[in-house]
Amino acid sequence: MTTALEAGLRTQSDAAQLAFARRERRVIVTGDADFLRLARQGAEHPGIIFYSPHKPIGEVVRRLILIYELITPEEMTGHVEFI
């Protein structure tokens, strides 16, 4: 269930979304390449999973489940995974 705060994040800057993810210790799942730029610039993050917007959603979900099953939150910290 999405909270009002999370729903409000949709209109916030990438930096604000990244700050929320850090506070809440949540991995960002995105097709927005701006998050890759932030990671390259050294922005601290709990993990970023990047998917191509052209990839079928079923495949994205299957790969997210696999990542969830194989990679610990500690291993995701500061890591970018491409699916």
Side-chain angles (χ1 to χ4, degrees):
M1 186 149 117
T2 302
T3 66
L5 175 60
E6 292 167 331
L9 281 172
R10 292 182 192 143
T11 60
Q12 297 299 310
S13 69
D14 294 341
Q17 292 179 37
L18 193 59
F20 176 81
R22 278 194 304 268
R23 280 193 311 275
E24 297 293 319
R25 297 182 182 159
R26 297 185 188 192
V27 172
I28 293 176
V29 178
T30 185
D32 182 349
D34 289 341
F35 286 98
L36 299 178
R37 180 183 48 76
L38 290 170
R40 276 193 305 271
Q41 292 174 346
E44 187 179 321
H45 60 85
I48 297 171
I49 298 174
F50 182 81
Y51 65 90
S52 167
H54 304 292
K55 196 167 290 285
I57 191 67
E59 186 176 339
V60 171
V61 170
R62 282 190 295 280
R63 290 184 182 203
L64 286 172
I65 291 168
L66 184 62
I67 290 168
Y68 175 78
E69 292 174 343
L70 297 177
I71 302 176
T72 67
E74 293 78 22
E75 291 171 323
M76 275 303 300
T77 301
H79 177 72
V80 177
E81 187 72 30
F82 294 87
I83 59 173

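As the structure is a computational prediction, the values presented were derived from the model and not from experiment.
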Asks: So which heavy atom on Thr30 is nearest to which on Asp32, and how close?
Replies: OG1-N, 2.8 Å

Asks: Looking at Arg25, I want to see if its CZ is surrounded by more than 12 non-hydrogen atoms of other residues, nucleotides or ligands under 6.0 Å.
Replies: no

Asks: Do Val29 and Val61 sit in one hydrophobic cluster, given that two such residues count as connected whenever their side-chain heavy atoms are within less than 4.5 Å of each other, even indirectly?
Replies: yes

Asks: Do Asp14 and Leu18 have side chains that approach each other closer than 4.5 Å (heavy atoms only, starting at C-beta)?
Replies: no

Asks: Write down the atom of His45, the atom of Ala39, and the distance for their closest heavy-atom approach.
Replies: NE2-CB, 3.8 Å

Asks: Say you draw a straight line from CD1 of Ile49 to CD1 of Ile71; how long is it, rounded to the nearest 0.5 Å?
Replies: 7.0 Å

Asks: Which residues pass the salt bridge (charged side-chain N to carboxylate O under 4.0 Å, His left out) test with Glu59, not counting sequence neighbours?
Replies: Lys55, Arg63

Asks: If the condition is side-chain contact (heavy atoms from CB on, under 4.5 Å), which residues does Leu70 pass it with, not counting sequence neighbours?
Replies: Leu66

Asks: Salt bridge (charged side-chain N to carboxylate O under 4.0 Å, His left out): which pairs involve residues 41-54, sequence neighbours left out?
Replies: none

Asks: So which heavy atom on Pro46 is nearest to which on Ala21, and how close?
Replies: CG-O, 3.5 Å

Asks: Kindly work out whether a path of hydrophobic side-chain contacts (I/L/V/M/F/W/Y, heavy atoms less than 4.5 Å apart) joins Val27 to Phe50.
Replies: no

Asks: How close do Gln12 and Ala16 get, counting heavy atoms only, and between which atoms?
Replies: CB-CB, 3.8 Å

Asks: Gln17: what forms a side-chain hydrogen bond (donor to acceptor under 3.5 Å, both in side chains) with it, not counting sequence neighbours?
Replies: none

Asks: Run the side-chain donor-acceptor check on residues 73-83: report pairs under 3.5 Å with partners two or more places apart or on a different chain.
Replies:
{"from": "Glu75", "atom 1": "OE1", "to": "Thr72", "atom 2": "N", "distance (Å)": "2.9"}
{"from": "Glu75", "atom 1": "OE1", "to": "Thr72", "atom 2": "OG1", "distance (Å)": "3.3"}
{"from": "Thr77", "atom 1": "OG1", "to": "Pro73", "atom 2": "O", "distance (Å)": "3.1"}
{"from": "His79", "atom 1": "NE2", "to": "Glu81", "atom 2": "OE1", "distance (Å)": "2.7"}

Asks: Look up atom CD1 in Ile57 and atom CZ in Arg62, then write down how far apart they are to the nearest 0.5 Å.
Replies: 10.5 Å

Asks: Could you identify which residues cluster with Tyr68, counting Ile, Leu, Val, Met, Phe, Trp and Tyr as linked when any side-chain heavy atoms lie under 4.5 Å apart, either directly or through a chain of such contacts?
Replies: none

